[in-house]
Amino acid sequence: MVRANGAVSLRELARVVQTSEVTVRRDVRALEAEGLLDRRHGGAVLPGGFTRESGFPQKSHLATAEKTAIADLAAGLVEEGEAIVVGAGTTTQELARRLARVPGLTVVTNSLLVAQALAHANRVEVVMTGGTLRGSNYALVGSGAEQSLQGLRVSRAFLSGSGLTAERGLSTSNMLSASVDRALVQAAAEVVVLADHTKLGTDTMFQTVPTDVITRLVTDEPPAHDDRAATELQALADQGVQIAVAGGSASPNAGPGVDSVPAGRQPRRDVPLPGQRRNHGAGPGQQLRSALLGEQPPGERSARVADLRRR
């Protein structure tokens with residue numbers, strides 16, 4: 001399965017061979033010892049270390065349910081009339097499919113897959129960068145892509161990558177992709193990283209977004225046995241990254257600063273997002289919406305933010 005797809009998740013392996021993830025994990029360790037594959041959190045890939053990158057067909061079959069939940073949750077961050085940038089990746093492609101329903105949205109992207117997902121959205125304007133097509137992930141890269149982003153300013157950037165750690169932040173295996181992602185980050189007031197739990201604790205060759213630049217991480221709930229992923233989440237939260245976990249119940253190992261939010265529901269916003277329109281008066285409808293989404297009154301939010309900063 002790894003040879004055919006480039007990567008595979010432990011959950012999928014356990015389902016196919018009809019055994020437990022514990023058994024699969026033990027067998028994967030044995031295969032790694034023979035040099036047949038490399039283990040990753042929640043799965044396995046072909047050998048290659050820091051520089052190996054799976055192509056789109058391989059990535060599209062890995063952690064598909066998790067990517068769907070993450071995209072559902074991330075879409076709740078985007079509001080009518082916003083201008084955003086969306087990077088390349090299978091998770092951002094899933095996000096784009098949901099953004100087609102947001103009226104008045106402007107999406108700047110270097111991804112052909114993101115543009116394709118929004119091509120028939122009547123109320124969404126798509127702006128593509130220039131650049132050279134990189135066939136393995138259907139993205140435009142190079143100096144043309146970077147130059148087209150100069151002078152651009154949007155409210156948020158939504159990015160994915162190959163790995164995410166609290167020490168280095170988001171990283172990828174390809175130098176050209178990393179360079180364009182950095183240009184996307186420079187254009188945004190906020191950076192939202194979309195990364196499933198299999199990428200937590202994984203470090204790859206080229207850093208794209210340092211941890212102190214990441215505003216928010218949208219991820220899925222790590223399996224109960226994945227202590228390393230839960231530890232990485234807490235380390236990211238300790239460095240000030242706002243964590244939104246799609247799933248519905250917080251990981252038992254996750255500490256303060258890690259919020260669990262059911263998929264399809266908007267995560268609580270502790271700090272107003274730059275570039276977003278604000279209502280100066282909250283009527284009954286807004287008060288009801290805030291109550292349903294678990295939002296706090298402005299005074300309580302400010303007190304909570306101040307308390308988090310002191311901690």
Side-chain angles (χ1 to χ4, degrees), residues 59-60 62-111 113-118 121 124 126 154-164 169-170 172 181 184-185 187-200 208-209 213-222 229 233 236-237 241-248 250 257-276 293-295:
K59 291 180 180 179
S60 64
L62 185 61
T64 53
E66 291 85 347
K67 292 172 183 176
T68 299
I70 290 168
D72 285 340
L73 188 54
L77 295 170
V78 182
E79 295 189 352
E80 178 179 345
E82 271 196 279
I84 62 174
V85 295
V86 179
T90 52
T91 311
T92 52
Q93 180 189 25
E94 287 296 326
L95 170 64
R97 289 170 177 154
R98 287 146 183 82
L99 296 180
R101 299 188 291 268
V102 182
L105 186 65
T106 299
V107 177
V108 181
T109 185
N110 70 318
S111 169
L113 297 175
V114 168
Q116 182 184 40
L118 295 168
V124 178
V126 179
V154 299
S155 58
R156 294 182 193 85
F158 290 87
L159 297 176
S160 187
S162 302
L164 178 65
L170 190 67
T172 187
D181 282 353
L184 292 171
V185 168
E190 278 200 353
V191 178
V192 181
V193 170
L194 312 181
D196 63 78
H197 72 271
T198 65
K199 297 177 181 177
L200 296 176
T208 55
V209 190
V213 177
I214 300 173
T215 307
R216 186 188 301 270
L217 166 64
V218 183
T219 186
D220 64 295
E221 183 178 351
L233 274 181
L236 288 162
V241 178
Q242 299 174 42
I243 312 290
V245 180
V258 181
D259 293 333
S260 182
V261 185
R265 201 160 145 193
Q266 186 171 353
R268 184 175 66 249
R269 296 178 181 175
D270 295 321
V271 182
L273 299 175
Q276 122 187 2
L293 294 179
E295 295 177 350

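What you see is a predicted model, and the numbers here were worked out from it, not measured in a lab. This chain uses plain numbering: 1 for the first residue, then up along the sequence.
Of all the heavy atoms in A229 and P222, the pair that sits closest is CB-CB, 3.8 Å. I243 and A237 make their closest contact through CG1-CB, 4.0 Å (heavy atoms, listed as atom of the first residue, atom of the second, distance). Taking each heavy atom of A83 and V154 in turn, the nearest pair found is O-CB, 3.1 Å. Here the shortest heavy-atom pairing between L99 and V124 reads O-CG2, 3.7 Å. Of all non-hydrogen atoms in L184 and A157, the two that sit nearest each other are O-CB, 4.0 Å. Across every non-hydrogen atom of P103 and E80, the tightest pair is O-CG, 3.1 Å.
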Checklist line | Worked check of salt bridge (charged side-chain N to carboxylate O under 4.0 Å, His left out) between E190 and R216 | finding: CA-CA 8 Å; E190 278 200 353; R216 186 188 301 270; 5.6 Å; no
Exercise for the section: Start with the C-alpha gap between S162 and K199, add the side-chain angles, then the distance that decides, and say whether side chain to side chain donor-acceptor pair (under 3.5 Å) holds. Expected result: CA-CA 6 Å; S162 302; K199 297 177 181 177; over 6 Å; no
Steps toward side chain to side chain contact (heavy atoms under 4.5 Å, CB included) verdict (L217, L200): CA-CA 11 Å; L217 166 64; L200 296 176; 4.2 Å; yes
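Using a 4.5 Å cut-off on side-chain heavy atoms (C-beta onward), V108 and V126 make no contact. Side-chain contact between V185 and V213 is present, with at least one heavy-atom pair separated by less than 4.5 Å. In this structure the side chain of D220 never reaches within 4.5 angstrom of the side chain of V245, judged on heavy atoms. A heavy-atom distance below 4.5 Å is not found between the side chains of V193 and F158. The closest side-chain heavy-atom distance from D72 to R98 is below 4.5 Å.
In this structure, the side chain of E94 does not engage the main chain of T91 through any donor-acceptor pair within 3.5 Å. Under a 3.5 Å cut-off, the side chain of S155 and the backbone N or O of I84 do not form any donor-acceptor pair. Listed for the S160 side chain is a donor-acceptor partner under 3.5 Å among the backbone atoms of L194. T92 contributes a side-chain N or O that, together with a main-chain N or O of G87, makes up a donor-acceptor pair within less than 3.5 Å. With T215 contributing its side chain and V191 its backbone, the two residues share a donor-acceptor pair below 3.5 Å.
Distance check, rounded to the nearest 0.5 Å: OG1 of T106 to CD of E82 gives 10.0 Å. Rounding to the nearest 0.5 Å places CD of E66 at 9.0 Å from OG1 of T219. The line from CG of L164 to CD1 of I214 is 5.5 Å long, rounded to the nearest 0.5 Å. Distance check, rounded to the nearest 0.5 Å: CD of E221 to CG of D196 gives 13.5 Å. From L113, atom CG reaches atom CG of L118 across 11.0 Å, with rounding to the nearest 0.5 Å. T109 OG1 to Q116 CD: the interatomic distance, rounded to the nearest 0.5 Å, is 12.0 Å.
Under the side-chain contact (heavy atoms from CB on, under 4.5 Å) test applied with V86, the options V78, V107, L159 reduce to a single match, V107.
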